[in-house]
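To start, the structure under review is shown below, and the notes come after it.
Residues take their numbers from the sequence shown, with the count starting at 1. Counting starts at 1 for both ligands and their atoms, in listed order.
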Amino acid sequence: MPTPFQFHLDATDGQARAGRFTTPHGELLTPVFAPVGTQATVKALTPAQLEEIGASLVLANTYHLYLRPGDELVAQMGGLHEFMGWPRPILTDSGGYQVFSLAERRQIDEDGVTFRSHIDGSSHHFTPEKVTAIQENLGADIIMALDECAEPYNREYNQLATARTSAWAERCLKAQKRDDQALFGIVQGGVFPDLRAQSAEFIASLGFPGHAIGGLSVGETKEEMHQMLKVVLPVLPEGKPRYLMGVGTPEDLVNAVKQGIDIFDCVLPTRLGRNKAVFLRGGERLNLRNVAFADDPNPIDEACKCYTCRHFSRAYLRHLIVAKEMLAATLLSIHNLHTLIQLATDMRQAIIKGRFEQFAQPWTGS
Ligand SMILES: [Zn+2]
């Protein structure tokens with residue numbers, strides 16, 4: 001099958017990589033951070049604002065779009081890029097994570113998972129074949145195999161979930177009909193090194209054009225997350241992109257890039273923004289509702305070049321928050337996303353210049 005997907009490593013520094021991944025909607029320069037657009041919109045932001053922030057990849061959720069407005073409608077409207085007005089690369093998840101975290105009364109067996117919609121209680125059945133077909137209707141550039149995300153500390157459940165994730169990965173590959181979407185396999189295994197290694201070996205053997213690591217940042221400690229990356233990353237092929245799902249603090253990004261991760265997504269920057277909190281590049285968080293900012297003439301971050309920091313004081317942002325103005329969520333989300341996207345860009349430059357170790361030091365402390 002001819003593939004529009006090429007992954008090229010421009011430079012490596014230690015385990016850290018600066019790559020470029022070619023997709024039908026443009027090239028992704030890695031490391032890359034993807035804002036999350038759950039319902040085919042990154043909350044409170046227009047695509048033009050996302051472009052100004054420098055976003056190159058946006059994630060949308062299969063579970064949500066399947067339930068509403070429906071993947072067939074999206075296909076009829078020309079696919080997700082057309083529907084949401086985003087011309088650059090898009091990634092859809094498999095829906096698995098939402099089924100396991102949001103849906104009601106789910107029943108899992110070898111075939112797939114039956115669940116009730118969190119919106120209207122209607123009953124649905126997801127199989128590897130079904131989620132592949134849904135993602136083909138949505139039409140993202142990167143799509144994900146169906147996986148089962150177990151509670152990180154339950155060994156027995158992780159054994160079962162990892163076996164099912166392996167079987168489902170093979171079925172997703174067989175079910176794929178379109179050749180203009182890169183299907184990524186997902187590694188599971190909780191906090192158990194042997195299960196993680198087993199899962200990574202099997203998923204890597206299937207020949208996916210890229211690999212994801214799921215089931216992290218779901219309640220385990222940072223140390224455990226780093227430990228699992230140490231086990232999994234050496235097993236995954238170097239010449240293919242590696243995506244760490246759902247991880248998104250500045251500290252986590254730097255530490256994971258140091259170990260060889262290329263792609264990230266997380267709801268954190270936009271969720272924090274709607275909750276009136278911002279992060280600074282070092283990882284510190286400020287709650288702008290705090291009365292201490294009432295007459296603070298400074299921007300959120302003196303060194304930040306985002307639209308919000310170039311134009312507005314902390315005092316103005318706090319005023320918007322207290323007055324419950326919608327613009328607050330927009331301006332705070334712009335700053336938080338810009339911080340992570342700029343951090344990814346700066347890491348890429350540091351890797352290319354062979355200075356990543358030095359660059360990462362303030363976050364990794366080593
Ligand atoms: Zn800013």
Item checked: SB check D301 R281 (cutoff 4.0 Å) -> no
Next item on the list: Could you name all protein N, O or S atoms found under 2.8 Å from the Zn ion (ligand 1)?
Entry: C304 SG, C306 SG, C309 SG, H335 ND1
Notebook entry, point to check: Looking at residues at least two apart in the chain, or sitting in another chain, which of them share a side-chain hydrogen bond (donor to acceptor under 3.5 Å, both in side chains) with H118?
Noted result: Y63
Note to self: So that I know where these two stand, are F21 and F5 an aromatic pair - ring centroids less than 6.0 Å apart?
What the structure shows: yes
What donor-acceptor contacts under 3.5 angstrom involve side-chain atoms of residues 204-221, with partners at least two apart or in another chain?
from : atom 1 : to   : atom 2 : distance (Å)
S205 : OG     : F202 : O      : 2.6
E220 : OE1    : S217 : N      : 3.2
E220 : OE1    : V218 : N      : 3.0
E220 : OE2    : S217 : N      : 2.6
T221 : OG1    : E224 : N      : 3.0
T221 : OG1    : E224 : OE1    : 3.2

Check: Between D111 and R171, is the closest basic N to carboxylate O distance under 4.0 Å?
Finding: yes
Checklist line | P362: side chain to side chain contact (heavy atoms under 4.5 Å, CB included) partners, not counting sequence neighbours | finding: none
